[in-house]
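This report refers to the structure that appears directly beneath it.
Note that the structure is a prediction, hence the values are computed from the model and not measured. Every heavy atom of this structure was used, including side-chain atoms; hydrogens, water molecules and symmetry mates were not. In what follows, chains are A, B, ... by sequence order, proteins preceding strands, each numbered from 1.
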2 protein chains.
Amino acid sequence: MNRRLSDTAPNLPTLADVARAAGVSTATVSRCLNSPAQVQTTTRDRVLSAVASLGYSPNFGARALAARRTGTIGAIIPTMENAIFARAIQAFQEELHLSGQTLLVASSSYSPEIEAEQIRTLVARGADALLLIGHDRDPGIYAFLEQRGVPVLIAWAFDPAQARPSIGFDNRRAMACLADEVLRVGHRDIGMISAMAEGNDRARDRIAGVRDALRDRGLDPSALRLHQTPYSIANGAAAMACLMALPTPPTAVICGNDVLAVGALQMARQLGLDVPRHVSITGFDDIELATVVDPALTTVHVPHRDMGRAAAQLLVQMVGGGVAPAPVCLETEICFRGTLAAPRT
Amino acid sequence: MNRRLSDTAPNLPTLADVARAAGVSTATVSRCLNSPAQVQTTTRDRVLSAVASLGYSPNFGARALAARRTGTIGAIIPTMENAIFARAIQAFQEELHLSGQTLLVASSSYSPEIEAEQIRTLVARGADALLLIGHDRDPGIYAFLEQRGVPVLIAWAFDPAQARPSIGFDNRRAMACLADEVLRVGHRDIGMISAMAEGNDRARDRIAGVRDALRDRGLDPSALRLHQTPYSIANGAAAMACLMALPTPPTAVICGNDVLAVGALQMARQLGLDVPRHVSITGFDDIELATVVDPALTTVHVPHRDMGRAAAQLLVQMVGGGVAPAPVCLETEICFRGTLAAPRT
DNA sequence: CGAAAATATGTAAGCGCTTACATTTCTCTC
DNA sequence: GAGAGAAATGTAAGCGCTTACATATTTTCG
């Protein structure tokens, strides 16, 4: 047939070419490449030099078809522009590389519909396994993944109630700890700026964490002045302006993440409010931004890199062994910096 | 043979199953999926409903093998943790998605050896085309890519002297413009904190740009106090400390990127120097960090998102058409903010 | 109305690799 | 040094899809 070999496509050497050049069968060449130990040293040298001299490199499609795996792992994150995901994905990719796996990435822009589509795309593109953020998801998607036999690991969430393998931290408890610190120094009027909670279990858990802390101190959780807004500095600032315009503005504003907190901080300055003297602000994540602003942000440190690295290891193990690992819970830590202080009396 | 079908692997429906269910040939099913216009509406509906009811999804390896393309485009960037790359890659991925392509990413950690390895990996993983940063690279790599027939687009660089397709901006000229502004307000003692120039043509071009500006004003380009350091806030700070410890410290410090500049800014504050009264500092890139610090950084805005988006379009076009597009040069713009002022007299 | 042209569908040959199984070639051991 | 067992290599059957080409069906129009 030889279709399309006539045009620009270069005619690359195949396994058979290497086999011919080395005077062995294709099976031996394949073994040299995939399990060298099975092949005698002298044969192996002969084959490898044929590989080198022909400039051979295996055809991906053929290999994937025959071996029924691609050595590719997919990850879908809301957006790379959020430093927490960029950082984790970077570590994830590096670790994957150590295991000889390649990373296929897609982003959902925080939209469940786009995410569902991307999941299908990555599976169709041959991802051997998938990394997803948070448990919240249409059950049909999990059914689809199960049908295709694609292992999934959930990151950024730890919830032993969910049977699915996951790696993350307890958003709720971490936020409850931080909120408790805010209460401990004396704040009673608490505002909260959160990311949109719909379809985002992390955001919901953090809100629940603040309410837990309130409740534990015998305060009314429903008194929390909650403002939800999409992720951005500008939105954080706008939300802060709303909160501060209230008849009795909160003396402390707990933010669902550092980006919103930085926005809040900027707005506070713009409104002529001194942080933390007039109002305390806290973040969550501990990204670079948190240390660069003045005063530096009191926040919760999340081990994003560790999470990315560990996620890669778990996923590689899941692809290989097929066993579902138990949920992993990482520790978070409060970073006390300059934006939390006792309220003015 | 049926190997490995006995174990855990689910037995997924194939094209043939769909064909059987719909009462057509596999060719017709394939056409329904790839060029629906060729198939009669009634047949198509029948096939598509069979696809849906069986939960069929094409096998990636088989498709790649038969079609000789994967619909996957690879990108290798130094690191995702650098916001400029994260931002561009995000836009790149979104645009790729619109064209039905998938993104394979790898990172080089700024190491030419790792990059070379990653290039081979991505090609072996079936990338139809590659996005790389900067022209600087072993010629053997370009030869390899040419042999394999993998189109490459270079981003972050614009140099008409290079024959290769590229999209970027003129690092040298942009930096020269900024440096000229620094000179224009009266600075004569200029320090520069640059990223490591070796194997990084962007960094080299920016240094050259500063020297150009000096020369154009009749000053001695070799008088530039240049400090090279790896990319990080802490390194920027350390470099700033060195510069300020000089017998006659520079009155303006031009930084190769915003991250180094933010480090310099922090160190200035730590040293009790007021910016811009005691010393001016400039950045390059215009990332979020630049607007969050106080005073906000005077820097060069680089249209990272546009670059990412356009890169995706070019690459898709290269894979499809096979024609090498002419180098594209994007415009940069100086953002005057708070860190540049005339030197004290 | 019939032949030519256009359209729709079927047939089947690979794409390049992996791997189960068969065969050959060593390496021991007694 | 013969036979058993281990090790190395070869044989060949797919993996599931795309697409050139063949065939069947419909449309067009002189």
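- Between B/Asn34 atom CG and D/dT18 atom C1' the separation is 8 Å, expressed in whole Å.
- In this structure, the CG atom of A/Asp45 is 15 Å from the C1' atom of D/dA8, given to the nearest Å.
- Within 6.0 Å of the CZ atom in A/Arg120, the count of heavy atoms belonging to other residues, nucleotides or ligands does not exceed 12.
- Across all strands shown, A/Thr43 has heavy atoms under 4.0 Å from sugar-phosphate atoms exclusively, and none from any base.
- When rounded to the nearest whole Å, the span between CG of A/Leu12 and C1' of C/dC15 equals 13 Å.
- Backbone-only engagement by A/Tyr56 is indicated by non-hydrogen atom pairs under 4.0 Å involving sugar-phosphate atoms exclusively.
- Between B/Arg69 and C/dC15 there is no side-chain N or O to OP1 or OP2 distance below 4.0 Å.
- Distance CG (A/Leu15) to C1' (C/dG14): 16 Å, rounded to an integer number of Å.
- Heavy atoms of A/Ser30 sit under 4.0 angstrom from at least one base atom.
- A salt bridge links A/Glu81 with B/Arg305: the closest approach of a Lys/Arg side-chain nitrogen to an acidic carboxylate oxygen falls below 4.0 angstrom.
- The CZ-C1' distance, from A/Phe60 to D/dC15, rounds to 14 Å in whole Å.
- Taking 4.0 angstrom as the limit, B/Arg63 places a side-chain polar atom (N or O) nearer than this to OP1 or OP2 of D/dT18.
- No side-chain donor-acceptor contact under 3.5 Å links A/Thr72 to the backbone of A/Thr102.
- Side-chain proximity of A/Ala66 to the nucleotides D/dC15, D/dG16, D/dT11 is greatest for D/dC15.
- Rounded to whole Å, atom P of D/dT19 lies 12 Å from atom CG of B/Leu65.
- In this structure, B/Glu198 places its CD atom where only 12 or fewer heavy-atom neighbours from other residues, nucleotides or ligands lie under 6.0 Å away.
- The side-chain hydrogen bond (donor to acceptor under 3.5 Å, both in side chains) search around A/Ser25 returns A/Thr28, not counting sequence neighbours.
- Closest to the side chain of B/Thr14, out of D/dG16, C/dT9, C/dT19, is D/dG16.
- Residue-to-nucleotide proximity on DNA chain C shows that, of B/Val24 and A/Gly61, the 5′-proximal contact is made by B/Val24.
- Considering B/Glu94, B/Gln90, B/His97 as possible partners of A/Ser107, the one that fulfils the side chain to side chain donor-acceptor pair (under 3.5 Å) test is B/Gln90.
- Ranking C/dG10, C/dT19, D/dT9 by closeness to the A/Val39 side chain, first place goes to D/dT9.
- Checked against the 6.0 Å centroid criterion, the rings of B/Trp156 and B/His304 qualify as a close aromatic pair.
- Checking the phosphate oxygens (OP1, OP2) of C/dC15, no side-chain nitrogen or oxygen of A/Asn59 falls inside 4.0 Å.
- The base of D/dG14 has none of its N or O atoms less than 3.5 Å from a complementary donor or acceptor on the side chain of A/Arg68.
- Stem regions for DNA chain D, each three or more consecutive Watson-Crick or G-U pairs with both distances under 3.5 Å and listed by first number, read C:1-30 with D:1-30.
- The side chain of A/Thr26 sits closest to D/dA12 out of D/dA12, D/dG10, C/dT9.
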Exercise answer: donor-acceptor pairs, residues 57-64 of chain B side-chain atoms, under 3.5 Å, sequence neighbours excluded:
| unit_1 | atom_1 | unit_2 | atom_2 | d |
| --- | --- | --- | --- | --- |
| B/Asn59 | OD1 | B/Gly61 | N | 2.8 |
| B/Asn59 | OD1 | B/Ala62 | N | 2.8 |
| B/Arg63 | NH2 | B/Asn34 | OD1 | 3.4 |

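- For residues 96-118 of chain B, the set of pairs meeting the salt bridge (charged side-chain N to carboxylate O under 4.0 Å, His left out) definition, not counting sequence neighbours, comprises B/Glu115-B/Arg137.
- Residue pairs meeting the side-chain hydrogen bond (donor to acceptor under 3.5 Å, both in side chains) criterion with at least one member in residues 306-316 of chain A, sequence neighbours excluded, are A/Glu95-A/Gln313, A/Asp306-A/Arg309.
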At a cut-off of 3.5 Å, list every protein nitrogen or oxygen paired with a nitrogen or oxygen from nucleotides 23-27 of chain C, distance to 0.1 Å.
none

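- For A/Ser25, no side-chain nitrogen or oxygen approaches OP1 or OP2 of D/dT11 to under 4.0 Å.
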